[in-house]
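Please read the structure below before turning to the comments.
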Amino acid sequence: MANTSSLPSPLGGGGGVARTEEEGARDHARECAVRTEMRQRTLELWLNLRNQRVKLALHGGVEACGVFQAVDAKHENLVISSLDSGIGVVPVALVRWSDVLCMETVEAPPTPAIDAGGVT
């Protein structure tokens, strides 16, 4: 059996090659910068999706369409307006993100022309 104390850690800490305090600080700063960038990209994604028509593929083969409005602070729930599940339209729905297999943007259906007594 191998002595695991001499194996390098995949996280860079403990065991393996000794790191200087300066290298550790540099790695930590790099990790913080990456996390900040990912958080910023995620927030930009949610902002760009606002008021976009989306199609949701849910567990159990269920598909629904609606207009994306928001996500909660923990990214656990989506707020979808005009959610059409195929059996009716819900004005505003809270959808658990863990129930969503896939979310994609779709074009809004064309608005039917209204006949205003011959005026178009």
Side-chain angles (χ1 to χ4, degrees):
M1 183 183 284
N3 180 358
T4 57
S5 63
S6 65
L7 296 176
S9 168
L11 300 177
V17 178
R19 296 174 2 168
T20 66
E21 199 171 298
E22 183 179 312
E23 288 173 325
R26 222 179 1 240
D27 287 347
H28 177 71
R30 207 172 305 131
E31 286 177 20
C32 287
V34 168
R35 284 191 181 120
T36 299
E37 182 180 347
M38 293 306 293
R39 190 170 24 257
Q40 182 67 33
R41 286 182 180 188
T42 301
L43 292 173
E44 287 173 5
L45 168 77
W46 294 132
L47 284 172
N48 289 329
L49 277 174
R50 178 132 166 80
N51 294 321
Q52 294 288 317
R53 188 151 180 80
V54 294
K55 182 168 114 176
L56 305 173
L58 307 166
H59 286 286
V62 176
E63 286 190 354
C65 287
V67 179
F68 179 86
Q69 295 300 323
V71 64
D72 67 1
K74 292 184 178 183
H75 304 259
E76 293 175 349
N77 299 296
L78 307 174
V79 178
I80 307 291
S81 64
S82 304
L83 183 71
D84 184 355
S85 64
I87 58 172
V89 177
V90 178
V92 178
L94 196 62
V95 178
R96 286 188 306 246
W97 186 234
S98 60
D99 289 340
V100 178
L101 299 174
C102 178
M103 179 170 66
E104 60 184 291
T105 57
V106 293
E107 282 191 34
T111 307
I114 299 173
D115 183 9
V119 179
T120 56

Reported [atom1]-to-[atom2] distance for the pair [X] and [Y], which is rounded to 0.5 angstrom:
X: Met38; Y: Leu43; atom1: CE; atom2: CG; value: 11.5 Å
X: Leu56; Y: Asp99; atom1: CG; atom2: CG; value: 10.5 Å
X: Glu22; Y: Asp27; atom1: CD; atom2: CG; value: 11.0 Å
X: Lys55; Y: Cys102; atom1: NZ; atom2: SG; value: 8.0 Å
X: Arg26; Y: Glu23; atom1: CZ; atom2: CD; value: 6.0 Å

- Would Asn51 and Gln69 satisfy side-chain contact (heavy atoms from CB on, under 4.5 Å), going step by step from the backbone distance to the final call? CA-CA 6 Å; Asn51 294 321; Gln69 295 300 323; 3.2 Å; yes
In one Ile/Leu/Val/Met/Phe/Trp/Tyr side-chain cluster, 4.5 Å: [X], [Y]:
X: Val54; Y: Leu83; result: yes
X: Leu45; Y: Val95; result: yes
X: Leu78; Y: Leu101; result: no
X: Leu49; Y: Val71; result: yes
X: Val92; Y: Val90; result: no

For [X] against [Y], the heavy-atom pair lying closest together:
X: Ser85; Y: Ala64; value: CA-CB, 4.2 Å
X: Gln52; Y: Asn48; value: CG-O, 3.5 Å
X: Ile80; Y: Gly66; value: CG2-CA, 3.7 Å

- Message: Determine whether a donor-acceptor pair (N or O, by modelled atom type, separation under 3.5 Å) exists between the side chain of Arg53 and the backbone of Val67.
- Response: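 Side chain of Arg53 to backbone of Val67: no pair is present.
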- Message: Please check: side-chain N/O of Asn77 versus main-chain N/O of Leu94, any donor-acceptor pairing under 3.5 Å?
- Response: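 Answer holds: no.
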- Query: According to the interplanar angle, ranging from 0 to 90°, do the rings of Trp46 and Phe68 count as parallel (below 30°), tilted (30 to 60°) or perpendicular (above 60°)?
  - Reply: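 Trp46 vs Phe68 ring planes: parallel.
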- Query: Taking atom CD of Glu104 as the centre, does the number of heavy atoms from other residues, nucleotides or ligands within less than 6.0 Å exceed 12?
  - Reply: yes
